[in-house]
S.K.: 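I have a structure I would like to understand better, so I am pasting it below and will then ask my questions one at a time.
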Amino acid sequence: MVKVAKKYAKALFDVSVDTHQLDGVYEDLETISHSSFDFIKHLKAIDSNPSLTANQRKEFVIKIYNGANQYVINTLKVLADNRHLSIVEDVFKSFQSLYNWHYNQDFAIVESTYELSEDELLRIEELIKNQTQLLNVIVSTKINPGLIGGFRVKVGTTVMDGSVRNDLVQLQRKFERAN
């Protein structure tokens, strides 16, 4: 289903860029995705209900998501028509990837053994930008006492590990190779 979600997201992304509505579409799709999270079972039931016609599923979209950007509504109608309403979260995640690529930004998770100060976070954010060439980084933090000290950063599939634990593991590997 991920491939299917990517196709819907790409189509919505392209029309959003072409019509200069990217930010508004992103906001509406994000809101819909987050608000639908607790109702995925219900959306799956709508998708799989053989007694509901395509028009009834589209009417559901119009009634529930009224007020959203028209391109988002149209995408949801196509999802409903093809019995894919329950993948709205996957569509948003794929759209979000395209959105982040467009703005040269990404999410970063910074793990440390203690709560970092604003100054420390700003320095880490600059380090991330320099290492990844991103213009913007959306940072979230996580306390991980297992690191012993230092910090670890995850940006997409990239991990920058400046933790004491990582240093100890690297040192252990050197000793094992020397024997």
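These numbers come from the heavy atoms of this one structure, side chains and all, not from hydrogens, waters or symmetry mates.
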S.K.: Between Arg57 and Asp81 (side chain of the first, backbone of the second, donor and acceptor by atom type, cut-off under 3.5 Å), is there such a pair?
M.R.: yes
S.K.: For Ile109, is the CD1 atom crowded, meaning more than 12 foreign heavy atoms sit under 6.0 Å from it?
M.R.: no
S.K.: Donor-acceptor check, side chain of Ser33 to backbone of Leu29, threshold 3.5 angstrom: yes or no?
M.R.: no
S.K.: Would you mind checking if Lys10 and Asp14 are paired as a salt bridge, meaning a charged N to carboxylate O distance below 4.0 Å?
M.R.: yes
S.K.: Using a 6.0 Å cut-off, check whether atom OH of Tyr103 has over 12 heavy atoms from anything other than its own residue.
M.R.: yes
S.K.: Less than 4.5 Å apart, side chain to side chain, heavy atoms only: is that true for Asn136 and Asn100?
M.R.: no
S.K.: Run the salt-bridge test on Glu59 and Lys63 with the 4.0 Å N-O cut-off and return the result as yes or no.
M.R.: no
S.K.: Can you confirm whether Leu79 sits close enough to Ile87 that some side-chain heavy atom of one is under 4.5 Å from a side-chain heavy atom of the other?
M.R.: yes
S.K.: Testing Asp90, Asn82, Leu76 for side-chain contact (heavy atoms from CB on, under 4.5 Å) with Tyr8, which one passes?
M.R.: Asn82
S.K.: Answer yes when Arg123 and Glu126 have at least one side-chain N-carboxylate O distance shorter than 4.0 Å, and no when they do not.
M.R.: no
S.K.: When you measure from the side chain of Thr158 to the backbone N and O of Lys154, does any donor-acceptor pair fall under 3.5 Å?
M.R.: no
S.K.: Got a donor-acceptor contact below 3.5 angstrom from the Asp47 side chain to the Leu85 backbone?
M.R.: yes
S.K.: Ignoring hydrogens and angles, state whether a donor on the side chain of Glu120 or Tyr114 is under 3.5 Å from an acceptor on the partner side chain.
M.R.: yes
S.K.: Assess the side chains of Tyr65 and Thr31: does a donor N or O sit below 3.5 Å from an acceptor N or O?
M.R.: no
